[in-house]
Number of protein chains: 2
Amino acid sequence: MIAKQVFQEKISSALENMSFPIEPEELYEPIRYTLSMGGKRLRPQLTLMSCSLFSDDIQAAVNPALGIEIFHNFTLLHDDIMDEAPLRRGKATVHTKWNSNIAILSGDVMFVEACRLMSKAPDHALRDVLDVFYKAAVEVCEGQQYDMNFELRSDVTLSEYLEMIRLKTAVLLGAALQIGALCGGASTDDAEHLYAFGCSLGVAFQLMDDILDVYGDPSKFGKQVGGDILANKKTFLSLKAFEKAKVEKATELKSWYSTREQTEKKVERVTALFDELGIRKDAEEQRDAFYQKAISELNALRADDNKKELFYDFAAKLMHRDR
Amino acid sequence: MIAKQVFQEKISSALENMSFPIEPEELYEPIRYTLSMGGKRLRPQLTLMSCSLFSDDIQAAVNPALGIEIFHNFTLLHDDIMDEAPLRRGKATVHTKWNSNIAILSGDVMFVEACRLMSKAPDHALRDVLDVFYKAAVEVCEGQQYDMNFELRSDVTLSEYLEMIRLKTAVLLGAALQIGALCGGASTDDAEHLYAFGCSLGVAFQLMDDILDVYGDPSKFGKQVGGDILANKKTFLSLKAFEKAKVEKATELKSWYSTREQTEKKVERVTALFDELGIRKDAEEQRDAFYQKAISELNALRADDNKKELFYDFAAKLMHRDR
């Protein structure tokens, strides 16, 4: 069995060995910058882990794994333009450090590179890998569009929100796993179980994010606790609160979510309202339901139990993180 | 032999039969709008024509041909954002009609669709088709970046300009032809001759554009004659004029190209300077050299002479157009 560190190291060294042309500098320097920013590299590791369930030759999945990571970074680059985000992982975003045009175009080139890497999947899996990848790629864009639409809408439902995070975040985790499985020679069924595992785990992961943003331990949580509340962001918690709140609570909630006020008092009062409405429990139950769905997909998977252990572990760690 | 109209009709009907999801509307409506704007559909026709040189089954090249057209329209969409162009084919551009974010994201989805169509190339050609396509896709982006860089530079050389138009315009024509040939089962050599034919013809085509912009017949030319001069655009003609002009002529040229004046007098005077310097002849000679290079690639191609006739015709018509 391959140890978890092996996957991480394989991805790190493959990323370091990637080289881009020097010219035009305005196109390739932002790509090198983006890829050097780091990140957890979760997705490509999942691709390799998934491949290793079915084959000892994880090399077959390295290029597609890199393709997933480059694609993910491309979406962050374009999303940051659209969201006018000044920072990413504590560093200036490409459109801030250079400009929007350079961010658009170097993003486009990253996307081509992602496709090129994906097309290096082994012959037996090539068509299936490309189908899974392009489907996920379109869905990630749809998710981003819904996310932007939701900012302007006041009638977003919980099920719309769950569908948005499935598209924007979860399907790429699913695709990363399914693509690795296909490269490793998995059956269609097993590859689909891994896709479904990734999708459910991805939604659970995002719900965990929503919860941590309000209830995280400030000494451990990487971002400002209450950041989503201050930004009036629609999350599972805020939408659930709007759904449950009646009379005075509804009025107070509405008033907090319509001010641009950035005070501690706002975070305190909204959190208190969440507490009174039992929102944390609702969110945790929803998260756990997705988590259990993910686990049931793993259970259904026909693969070596020792190797599957890595996935149970991975899922459990994602759920017990504090940042 | 298949008549030229058959290729056109095949592309038109295939494009009309393409369907996109309804939701999210903000993502798919701009795509439908972009594809309904028309255009000459030259590239996908070339793909089918090229396939037909080697195979009677042009159906094998229809999806890749559509992929080329969708990709081309994607690049126009993103270029229009970067160039802040208000109009395209006489209609409001997507970023003007909607906004930049929608233009970025619907462009991204068009690109995915292009890749998806490309991946429907027949098995025997799939890997080669993808390699040719991704290489061209990156080069088109590089060409756009050089084009933007050139706007800010005053020391652009003629050879840099020729390389920029090769990347931005010509390689996609070459790729369209090469991909069709590969789908039709052409040998590597023949597919490369068609690529080289397309690249040289593409550069000749762009040089023709540069010439028509100054010397076109106003009653036939679609755009305003002298538009490039008014916009102080770097073209083969202006760069050649700067290269040749000495003393007073150099001073006058420099002064016209540093004013934002949009008058008939500017067009008249710059055209007169071009005339005095013999620029039209230089540009026509350069165009003809690329045209001859294209023809020599066609000559080297081993295919049915009757079928090749379509290509000689096509090239000749591109060179004798007046708009």
Side-chain angles (χ1 to χ4, degrees), chain A residues 20-21 23-28 30 71 74-75 77-79 81-84 99-121 123 126-127 129-131 133-150 152 163-164 167, chain B residues 20-21 23-28 30 71 74-75 77-79 81-84 99-121 123 126-127 129-131 133-150 152 163-164 167:
Chain A
F20 292 94
E23 296 270 329
E25 200 186 310
E26 295 78 1
L27 203 54
Y28 291 110
F71 174 78
F74 144 72
T75 64
L77 209 168
H78 274 195
D79 285 2
I81 310 172
M82 298 183 242
D83 301 342
E84 299 178 13
N99 60 51
S100 289
N101 286 355
I102 284 179
I104 292 172
L105 203 58
S106 53
D108 291 345
V109 171
M110 284 176 79
F111 187 18
V112 184
E113 283 304 325
C115 293
R116 201 191 319 231
L117 288 160
M118 206 53 75
S119 76
K120 293 185 179 168
D123 278 332
L126 181 57
R127 248 173 230 283
V129 163
L130 294 178
D131 285 348
F133 176 58
Y134 297 142
K135 177 166 172 281
V138 165
E139 289 182 340
V140 170
C141 294
E142 291 179 351
Q144 168 68 5
Q145 185 64 55
Y146 283 122
D147 198 13
M148 294 194 295
N149 290 354
F150 288 1
L152 306 171
E163 173 64 1
M164 183 276 282
L167 293 167
Chain B
F20 291 95
E23 297 270 331
E25 201 186 310
E26 295 79 1
L27 203 54
Y28 290 110
F71 174 78
F74 144 71
T75 64
L77 209 169
H78 274 194
D79 285 1
I81 309 172
M82 296 183 243
D83 301 341
E84 299 178 13
N99 59 51
S100 289
N101 286 354
I102 284 178
I104 292 172
L105 204 58
S106 53
D108 290 345
V109 171
M110 285 176 79
F111 188 15
V112 185
E113 283 304 326
C115 293
R116 203 196 313 237
L117 288 159
M118 205 54 73
S119 77
K120 292 183 180 168
D123 279 331
L126 181 56
R127 247 171 232 284
V129 164
L130 294 178
D131 285 348
F133 176 58
Y134 297 141
K135 177 166 172 281
V138 165
E139 289 182 340
V140 170
C141 294
E142 290 179 352
Q144 168 68 5
Q145 184 64 54
Y146 282 122
D147 198 13
M148 295 194 295
N149 291 354
F150 287 2
L152 306 172
E163 174 64 1
M164 183 275 283
L167 294 167

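Here is how names work: the chains are called A, B, and so on, in the same order as the sequence lines, proteins then strands, and each is numbered from 1.
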| field | Heavy-atom check, side chain of B/Met148 versus side chain of A/Leu105, under 4.5 Å | value | yes
| query | Top residue by heavy-atom pair count (under 4.5 Å) with chain B, among A/Cys115, A/Gly107, A/Ser100, A/Pro21? | reply | A/Cys115
| Within a strict 4.5 Å, meaning less than it, do heavy atoms of the B/Gln144 and A/Asp108 side chains meet? | no
| message | Which atoms of A/Ala121 are under 4.5 Å from chain B, going by heavy atoms: the side chain, the backbone, both sets, or neither? | response | backbone
| query | Which atom names give the shortest non-hydrogen contact between A/Val109 and B/Cys141, and what distance separates them? | reply | CG2-CB, 3.4 Å
| task | May I ask you to name which of B/Asn149, B/Leu126, B/Asn101 has the most heavy-atom pairs under 4.5 Å with chain A? | result | B/Asn101
| message | Could you tell me if the side chain of B/Phe111 sits less than 4.5 Å from the side chain of A/Val112, heavy atoms only? | response | yes
| field | Partner chain A: residue of B/Arg116, B/Arg127, B/His78 with the largest heavy-atom pair count (under 4.5 Å) | value | B/Arg127
| message | Using heavy-atom distances under 4.5 Å, tell me whether B/Phe133 contacts chain A through its side chain, its backbone, both, or neither. | response | neither
| query | When only pairs under 4.5 Å are counted, which of B/Ile102, B/Ile81, B/Asp131, B/Asp123 shares the most heavy-atom pairs with chain A? | reply | B/Asp123
| Could you give the distance from CD (B/Glu23) to CD (A/Glu163), rounded to the nearest 0.5 Å? | 11.0 Å
| Contact class of B/Glu113 relative to chain A, heavy atoms under 4.5 angstrom | side chain
| query | With only heavy atoms counted, which part of A/Leu130 is less than 4.5 Å from chain B, the side chain, the backbone, both or neither? | reply | side chain
